[in-house]
Structures are given as C-alpha cells and as structure tokens.
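For the numbers below, each heavy atom of this structure counts, side chains included, while hydrogens, waters and symmetry mates do not. Order of appearance sets the numbers: ligands from 1, and atoms from 1 within every ligand.
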Amino acid sequence: MHDFLQQTLSGEAPRQRCGETPWLRWQWHDHGILQLDPLSDPRQALVLSAGIHGNETAPVEIMNSLIGALLRGEMALRHRVLAILGNPAALRANKRYLRHDVNRLFGGRWQQIDDCDEARRALRLEQAIEAFWLQGCKEDQPRWHLDLHTAIRGSWHTRFGVLPLNPQPWPDAFLHWLAAAGLEALVYHTAPGGTFTHFSCATFNAASCTLELGKALPFGANDLTQFAAAQQALTALLSGAPLPAPQQTPRRYRVVQQITRLSERFKLHMDAETRNFTAFPQGTLLAEDGETQYVVQQARECVLFPNPGVALGLRAGLMLVEEGAPAEALPR
Ligand SMILES: O=C(O)CCC(=O)N[C@@H](CCC(=O)O)C(=O)O
Ligand SMILES: [Zn+2]
C-alpha cells in the first residue's frame, strides 16, 4: 500500500491486501478503509476519518500524508488506527455527496432512504468501526474517533470542533488534545443526529469529535500550512511525540435550535456571506418555511452551518449559545 488516497480514488482493490513493516501491520479492508496495528502493545484505538464529504479535501490530504509516513516507517505508531476515506465516489467528483449526505445516514438512518451507493456506504462504515472496536480492542482501551471536515463558509472561529450528544463526561485527555490541535471553539450538540461521530459515540462510547479545520476547497487548492496545528497534534497522537501545548482554551457553545428546510417555501434570512458563529440578537427572524418561523429566543444566538440549499428535511443551520458569554455582548 503506497498511497492510500490514490488507491481509494482508483476504485481498484490493491494487489496486496495486507502487509507488515518493521513497525506495523496493515490491512486493507475495503475501498477507503485501512487498518494499521503497531507491532508493540497498542495503548488506544483510534478511528481517523476524512472525506465523508467529497469536497472537503484538505483533511483528506493531511490524513494521507500521515498514513504514508506511517507506512514508510518515517513515523512510529503507538495506537491501533482505522483510517477511513468516507465517500470515495464523492471525492472523485469533488462533490459534498452524490445523492444523499452520508453524514446524515448513520445510526441506521440509511434504512430510511432508497437503496443507493451512499446508503450502502454508511452501512459499510458502521460495520467497519464495529469490527475494529469490538473484535480487536481490549475493554479498557480508550476509543477515540476524529472525523476531519472543512466548512463551506468562512467562520469567526477558523478551526472548531463539533461534539455529539454524549451522556458521559468527555475525557480530559480528549478535550486537552482538541485544544492542542488548535481548535478555537467547541460546539456541543444537545440532540441525537445521523452523523458519523454521533454514531461512534452513542454506539461504542467513543470520545468523538467532528473537527472543522478550515474552508472546503478542491484537491490542489488547499494551503496545508493553515492546518499545521491539527497535523502536528495528529502526529503527536499517532506517534507518541510530545503534544504541543494548547495556545488557547476553546470557547464553548451549545446548540439551542436547529433550522430545518421543510419545503420549497423555505427562506433563510441571511446572505451568502454570513459567516459561521455570526451572532443575532433576541427576536431576529432567522428563517421561514410557510407558517413555520425560526426566531432567536435567547439574548444572543450564533448561527452555524447556514445552508438554504440542503435537501428537504435536512438541517439548514444550527443556532448556538455561548457558555459563559456576557449576555450584553453586541452581535458581531
Ligand atoms: O459548512 C457546512 O455547512 C457543513 C460542514 C460540515 O460538513 N459539517 C458537518 C458537521 C457534523 C456535525 O454536526 O457534527 C456536517 O454538516 O455533516
Ligand atoms: Zn463535512
């Protein structure tokens, strides 16, 4: 296995489906699904995914660079790793998805749509992480899932994490790593969802986070120096090298309402340039969908992922409240 990304984009199975280097064993399970096991005793089991959305290429390039360094023996490996390129067909097309957003299909939601490649892919990824964690892990081994994304719009926080609803406290080591990866904010979901990280957290009690590392750009257009902090923290996590000290404590937001596009009448009252984390004062009319109106309820709510173009029934935006923010703070 020389180039995990090119192998995945080729759509061909590798001639050699498993192998060993002086440092690790690798096994190709399926297109975009590669397992690495250190020859020494692993300390934890990490699912590292990217390319769940095919137009979010910088995290894919970062992951491929790390996997290549591990396979060439340029970097030590101290954990079991399941590396996933989520939607190969969408990556080939440089599209977020082809027919259905894979990141809304997990937790069995793929059964609610027509049989299609993306429904089958969501099931295959569910099976892959189940096998990885249930068939190869000791019970006490920490399970982490880092799902690497980039965002469609600009953000007042360039790098941030989105944490799924989790009834358990987040491990301190996990939150510390997220801060060391340069995340400026953490967004806490308050309801279940069909995302990959919600599935891994709810089903396998993994410490899971969707990392939004910058802006979504095509292959070749990314300035990977913008992702240095995350790449350095991933290198430290994978190899055991010292983790850089966090430069800041991420600000914390929780989701207080979801804006859903219910019909063709949907209208989002924000322009195309509205950035993630833009704040709106109480009473602002955010969106309408026929008789349904979405209005700011709290003193100040910030928008995340505003997108009037989503398919019917899907999330057209999230509204957040910052924890511990001065209520009288003026909207940005
Ligand atoms: O920029 C956007 O509109 C979406 C960026 C993106 O793909 N974000 C993830 C977040 C998943 C989560 O809520 O944890 C997504 O929308 O799937
Ligand atoms: Zn994404």
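Counting heavy atoms closer than 4.0 Å to ligand 1, residue His198 contributes nothing at all.
Note on ligand 1: Thr195 sits in its first shell, one or more heavy atoms being nearer than 4.0 Å.
Among the atoms of Asp101, none of the N or O lies under 3.5 angstrom from an N or O of ligand 1. In terms of polar-atom proximity, defined here as any N/O pair under 3.5 Å, Arg153 makes no such contact with ligand 1. Looking at Asn307 next to ligand 1, no N or O pair under 3.5 Å apart turns up. Considering backbone and side-chain N/O atoms, Ala151 never comes within less than 3.5 Å of an N/O atom of ligand 1. In terms of polar-atom proximity, defined here as any N/O pair under 3.5 Å, Arg96 does make such a contact with ligand 1. Close N/O approach between Thr210 and ligand 1 is found [any backbone or side-chain N/O within under 3.5 Å].
Between the choices Ile152, Leu211, Leu318, the shortest heavy-atom distance to atom 3 (O) of ligand 1 belongs to Ile152. In the candidate list Val102, Val162, Thr150, Asn103, Asn103 is nearest to atom 11 (C) of ligand 1, counting heavy atoms. With distances taken over non-hydrogen atoms, the option nearest atom 15 (C) of ligand 1 out of Arg104, Gln258, His149, His189 is Arg104.
The nearest heavy-atom contact from the protein to atom 2 (C) of ligand 1 is Phe305 CD2, 3.4 Å. Counting protein heavy atoms only, atom 9 (C) of ligand 1 is closest to Glu212 OE2, 3.4 Å.
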Walk me through whether Tyr97 and His53 qualify under ring pair (Phe, Tyr, Trp, His ring centres under 6.0 Å).
CA-CA 6 Å; Tyr97 58 84; His53 293 125; 7.4 Å; no

Check your understanding: Can you list the steps and then say if Leu163 with Leu178 is a side chain to side chain contact (heavy atoms under 4.5 Å, CB included)?
Key -> CA-CA 11 Å; Leu163 295 164; Leu178 294 175; 4.1 Å; yes

Item checked: Criterion side chain to side chain contact (heavy atoms under 4.5 Å, CB included) on Gln27 and Arg17, from CA distance to verdict -> CA-CA 6 Å; Gln27 184 173 1; Arg17 298 196 178 199; over 6 Å; no

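Aromatic ring orientation, Trp28 versus His31: perpendicular (interplanar angle above 60°, classes split at 30° and 60°). Taking the six-membered ring for Trp and thresholds of 30 and 60 degrees, Phe305 and Phe160 have ring planes inclined between 30 and 60 degrees apart.
Below the 2.8 Å limit, the Zn ion (ligand 2) has as protein N, O or S neighbours His53 ND1, Glu56 OE1, Glu56 OE2, His149 ND1.
Asp289 and Arg261 are not joined by a salt bridge, as no carboxylate oxygen comes within less than 4.0 angstrom of a charged side-chain nitrogen.
The shortest distance between side-chain heavy atoms of Leu77 and Leu39 does not fall below 4.5 Å.
Per-residue contacts place Glu56 under 4.0 angstrom from the following atoms of ligand 1 (heavy atoms of the residue considered): 6 (C), 7 (O). Within ligand 1, the atoms closer than 4.0 Å to a non-hydrogen atom of His53 are 7 (O), 15 (C), 17 (O), numbered from 1 in the order shown.
Residues His189 and His198 place their aromatic rings such that the two centres sit no closer than 6.0 Å. Between His157 and Tyr253, the ring centre distance stays below 6.0 Å.
Crowding of Gln247 atom CD: a count of heavy atoms from other residues, nucleotides or ligands under 6.0 Å not exceeding 12. Heavy atoms from other residues, nucleotides or ligands lying under 6.0 Å from CG of Asp223 number more than 12.
A donor-acceptor pair shorter than 3.5 Å can be found between the side chains of His149 and Glu56. For the residue pair Asn103 and Thr195, no side-chain donor N or O sits within less than 3.5 Å of a side-chain acceptor on the partner.
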